[in-house]
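Step one of this worksheet: look at the structure below.
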Amino acid sequence: MKISVIGCGYLGAVHAACMAELGHDVVGIDVDAAKIASLAAGAAPFFEPGLPELLSSGVASGRLRFSTDIAEARGATVHFVAVGTPQKPGSDAADLRFVDASFEALLEHVGPGDLVVGKSTVPVGTASRLAETVEAAGATLAWNPEFLREGFAVQDTISPDRLVYGVRDGDDTSVATLDAVYASAIAAETPRLVTDYATAELVKVAANAFLATKISFINAMSVVADATGANITQLADAIGHDARIGRRFLNAGVGFGGGCLPKDIRGFMARADELGVGESLAFLKNVDAINLAQRERVVQLAVEAAGGDLTGTRVAILGLAFKPDSDDVRDSPALDVAARLVSLGAIVKATDPEAIETSRRVHPDLDYVATVDEAAAEADIVVLLTEWKQYRELDPAELASITSGRTIIDGRNVLDSSRWRGAGWEYRGLGRP
Ligand SMILES: NC(=O)c1ccc[n+]([C@@H]2O[C@H](COP(=O)([O-])OP(=O)(O)OC[C@H]3O[C@@H](n4cnc5c(N)ncnc54)[C@H](O)[C@@H]3O)[C@@H](O)[C@H]2O)c1
Ligand SMILES: O=c1ccn([C@@H]2O[C@H](COP(=O)(O)OP(=O)(O)O[C@H]3O[C@H](CO)[C@@H](O)[C@H](O)[C@H]3O)[C@@H](O)[C@H]2O)c(=O)[nH]1
C-alpha cells in the first residue's frame with residue numbers, strides 16, 4: 001500500500017520505518033528540515049534500538065522516503081498523522097495547533113477514497129471535529145491510537161499487543177483498509193477492537209492514566225514503607241504475584257516522565273473539566289502530585305547525605321533520560337533532579353549513555369561528562385536516576401576507588417542494597433530500609 005506519515009518524531013519516524021519494513025511504500029513528512037535530512041540519509045535523528053537498521057534498509061530499498069513537502073503525500077491512499085500534542089504553555093490542556101495545521105495542509109492533497117488516520121494522542125472529541133473537514137475533502141477519517149513504548153518502539157509497532165480502530169459507525173471500508181495496513185499483526189491474531197472515535201481517543205488516555213496511577217500508587221506505598229522500615233521492592237513483588245494486580249509498572253523510584261504520561265494525564269483532566277466531569281478524574285491530581293514529590297524526595301536524600309546543605313557538595317548523576325534505552329529527556333525526572341541539585345549549590349557532573357545532547361538542549365548550563373568514571377571522580381554522593389543496564393551492573397568496589405564519599409542514592413531502586421552496604425557504601429533508596 002502507499003502510505004504517508006505526517007510528523008516524524010519519536011512516534012512517526014518509527015511508524016514510517018516499520019510500515020516500510022512490513023512491505024508498504026512509505027513517505028514520511030515533517031516540517032523539521034534537519035530531522036528529514038537525517039531520516040532521508042537513513043540515519044535516526046534520535047536514539048531508539050532497532051530504528052537505524054530499519055531506516056537504512058528501508059531507504060536503500062526505495063520503499064521509504066522522507067520529505068518536508070506535504071505535497072509528497074499525494075498519491076498515498078493512507079495518511080497517518082503523528083504530529084506532537086504537547087501540553088499547552090501555561091495550561092494543562094493539550095496543544096492541538098500541530099494537529100490542526102497538519103490536517104489543514106494534508107487535506108489539500110488527499111484524494112477521494114483516501115483514509116486519513118489519526119495516531120497522535122488527542123483530547124476526546126477531536127476526531128469527530130476533524131472528521132467533518134476530512135469528509136469535506138472527500139476522504140475518510142479513522143483514529144488509531146498508538147501504544148508503543150520508547151525503547152521498545154520497533155517491536156511494539158511491528159507486533160502491537162492490540163490494535164484500536166476508531167471509525168464512523170458501520171465504516172467497514174476503513175476497517176478493511178487498516179487490516180490491510182496491519183496485515184501481519186492481524187495474521188498473528190493480535191486483538192483488534194473497532195470502536196467509535198470517542199472510545200478510541202479515550203482508550204489511549206485511559207491506558208496512560210492507569211499506568212501513571214499504578215506508578216504513583218507504588219510510590220505512595222514507598223513513602224509509607226520509609227516511615228515504617230518496610231521494603232517497597234518486596235511489597236511490590238508480593239502484591240504483584242496477584243494476577244489481578246500484576247508486577248509490571250510497580251517499580252518505585254524517582255517517578256514517571258517523558259513526552260506522554262505527564263502531559264497526557266494533565267490533558268485528560270483538562271478535557272474532563274471542559275466536559276463537566278472533572279471531579280471524576282480528581283484523583284489524577286494526586287497521581288501527578290505524588291509523582292512530582294518523588295523528585296523532591298530524591299533531592300532531600302541528597303541534602304541529608306550532605307549534612308543539610310548541598311553547597312559545594314560534589315554529586316555524580318548517573319542517567320538523564322526519562323527511561324533507559326532512550327535519549328528522550330522530555331519531562332525527565334532525572335534531568336529535573338540534576339538541575340535542582342545545582343540550584344541548591346551542589347557541584348554536579350552528569351552522565352548518560354545516550355541523552356547528553358538532548359539534555360544539553362534543555363539545560364546547557366549543566367556539566368556533562370561522557371563516562372561514569374568522569375562523573376564519579378572525587379564525588380561525595382552518587383545518584384542513580386535512570387536505570388540503564390550498565391548502571392544497574394555497577395561494581396561498588398570499583399566505584400569506591402574513584403569517589404571521595406561513599407553515599408549512593410538509588411533513585412530507581414535497582415541496586416542490591418546489601419552488596420553496596422557490604423562494600424562500605426551508605427545506600428539510600430526510596431522505601432528501601
Ligand atoms: N513518543 C511516544 O512514545 C508516543 C507513543 C504513543 C503516542 N504518542 C503520541 O504521538 C504524538 C507524537 O509524539 P512524538 O513523541 O512523536 O512527538 P515528537 O515531538 O517527537 O514528534 C512530533 C513531530 O511532528 C512534527 N510536526 C509538527 N507539526 C507538523 C506539521 N504541521 N507537519 C508535519 N510535521 C509536523 C514535529 O516537527 C515533530 O518532528 C503525540 O500526540 C504523542 O502523545 C507518542
Ligand atoms: O514501574 C515503573 C514503570 C515506569 N516508570 C516510569 O514511567 C515513565 C514511562 O515509562 P513507559 O511507560 O515505559 O514509557 P513511555 O515510552 O513513555 O510509554 C508510555 O507512553 C506512551 C505514549 O503515550 C504509550 O504509548 C505507552 O504505552 C506508555 O507506556 C518512565 O519515566 C519510567 O521510568 C516508573 O517509574 N516505574
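First listed ligand is number 1; within each ligand, the first listed atom is number 1. Note that these values count all heavy atoms, side chains included, but never hydrogens, waters or copies made by symmetry.
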Exercise for the section: Under the side chain to side chain contact (heavy atoms under 4.5 Å, CB included) rule, what do Asp179 and Val175 come out as? Steps first, then yes or no, please. Expected result: CA-CA 6 Å; Asp179 277 353; Val175 172; 4.1 Å; yes

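- Looking at Ser216 and Asn219, their side chains never bring a donor and an acceptor atom within 3.5 Å of each other.
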Handout entry: Intermediate values then yes/no, side chain to side chain contact (heavy atoms under 4.5 Å, CB included), Tyr165 and Tyr182
Key = CA-CA 11 Å; Tyr165 305 165; Tyr182 296 119; 3.8 Å; yes

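- No hydrogens or angles considered: nothing links the side chains of Gln300 and Glu304 as a donor-acceptor pair under 3.5 Å.
- Judged by a 6.0 Å distance limit and a 45° cone about the ring axis, Arg162 is positioned over the six-membered ring of Phe147.
- A search for side-chain hydrogen bond (donor to acceptor under 3.5 Å, both in side chains) contacts involving Tyr427 returns Asp410, Arg432, not counting sequence neighbours.
- Side-chain N/O atoms of Ser222 and Arg297 include a donor and acceptor closer than 3.5 Å.
- Identified under the ring pair (Phe, Tyr, Trp, His ring centres under 6.0 Å) test for residues 188-228, with sequence neighbours left out: none.
- Enclosure of atom NZ in Lys349 is not indicated, since only 12 or fewer non-hydrogen atoms of other residues, nucleotides or ligands lie within 6.0 angstrom.
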Write 'none' if nothing qualifies; otherwise put on separate lines each N/O atom of ligand 1 with a protein N/O atom under 3.5 Å away and their distance to 0.1 Å.
unit_1   : atom_1 : unit_2 : atom_2 : d
ligand 1 : 1 (N)  : Glu150 : OE2    : 2.9
ligand 1 : 3 (O)  : Glu150 : OE2    : 3.4
ligand 1 : 15 (O) : Arg330 : NH1    : 3.2
ligand 1 : 15 (O) : Arg330 : NH2    : 2.9
ligand 1 : 16 (O) : Tyr10  : N      : 3.1
ligand 1 : 16 (O) : Leu11  : N      : 2.8
ligand 1 : 17 (O) : Arg330 : NH1    : 3.4
ligand 1 : 20 (O) : Tyr10  : N      : 3.1
ligand 1 : 37 (O) : Asp30  : OD1    : 2.6
ligand 1 : 39 (O) : Asp30  : OD1    : 3.4
ligand 1 : 39 (O) : Asp30  : OD2    : 2.6
ligand 1 : 39 (O) : Lys35  : NZ     : 2.7
ligand 1 : 41 (O) : Thr85  : OG1    : 2.5
ligand 1 : 41 (O) : Thr121 : N      : 2.9
ligand 1 : 43 (O) : Thr121 : OG1    : 3.3
ligand 1 : 43 (O) : Lys263 : NZ     : 2.6

In a simple table, one pair per line, please give the protein and ligand 2 atom names for every N or O pair closer than 3.5 Å, along with the distance.
unit_1   : atom_1 : unit_2 : atom_2 : d
ligand 2 : 1 (O)  : Leu250 : N      : 3.4
ligand 2 : 1 (O)  : Asn251 : N      : 2.9
ligand 2 : 13 (O) : Lys323 : NZ     : 2.9
ligand 2 : 14 (O) : Lys323 : NZ     : 3.1
ligand 2 : 16 (O) : Glu150 : N      : 2.8
ligand 2 : 16 (O) : Lys323 : NZ     : 3.4
ligand 2 : 23 (O) : Lys204 : NZ     : 2.8
ligand 2 : 23 (O) : Asn208 : ND2    : 2.8
ligand 2 : 25 (O) : Phe147 : O      : 3.2
ligand 2 : 25 (O) : Leu148 : N      : 3.4
ligand 2 : 25 (O) : Leu148 : O      : 2.6
ligand 2 : 25 (O) : Lys204 : NZ     : 2.9
ligand 2 : 27 (O) : Phe147 : O      : 2.8
ligand 2 : 31 (O) : Gly257 : N      : 3.1
ligand 2 : 31 (O) : Phe322 : O      : 2.8
ligand 2 : 33 (O) : Phe322 : O      : 3.4
ligand 2 : 33 (O) : Arg412 : NH1    : 3.0
ligand 2 : 33 (O) : Arg412 : NH2    : 3.4
ligand 2 : 35 (O) : Arg412 : NH1    : 3.2
ligand 2 : 36 (N) : Asn251 : O      : 3.0

